Amino acid sequence: MLRATWKSLWSRKIRLLLSTFAIVLGVAFVAGSLVFTATLDRAFQSIMTGSVSDVVVRPVGSSGDDGAAPGRGIPASTLERVRAVPGVERVEPEVTSFSTYVVGSDGKLVGGQGRPASRRRITTRRPRTASPGCG
């Protein structure tokens, strides 16, 4: 039986070569797709990791994604207390406004770089690391 199989395969060398090439090409496309997906996922994860903080300190009574109650903020003394907490790498105050747009000297909106967002968000800085129990 094995001898008949080899005889059949070698008698149709072009068919064998093209079938082998099709299998190799298919495996290469699947492997390439998996590598591309993993690379894209890693790039998106690094964008998201670099654009969010570990801890956000907000005023009492604030809610929502923007983290601010109208007309309220955190006093500078609280920022200094957070900076003094052991293990805090960096403290960056942030001003967020969904109704204010920064317009450059050329008349175009400034911003739009960074992570994808579901709504327009222009910030001056983002908060970073603080320990729980501060503020």
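On a predicted model such as this, the values are computed, not experimentally measured, just so you know.
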Can you pull the side chain to side chain donor-acceptor pair (under 3.5 Å) pairs that have at least one residue in residues 5-14, sequence neighbours excluded?
S8-R12
All heavy atoms of V82 vs all of V88, minimum pair found to be O-CG2, 3.3 Å
Taking C-beta and beyond as the side chain, do E80 and R83 meet within less than 4.5 Å on heavy atoms?
yes
Could you list the donor-acceptor pairs under 3.5 angstrom formed by side chains in residues 17-39, with sequence neighbours left out?
| unit_1 | atom_1 | unit_2 | atom_2 | d |
| --- | --- | --- | --- | --- |
| S19 | OG | R15 | O | 2.9 |
| T20 | OG1 | L16 | O | 2.8 |
| S33 | OG | F29 | O | 2.9 |
| T37 | OG1 | S33 | O | 2.8 |
| T39 | OG1 | V35 | O | 2.9 |

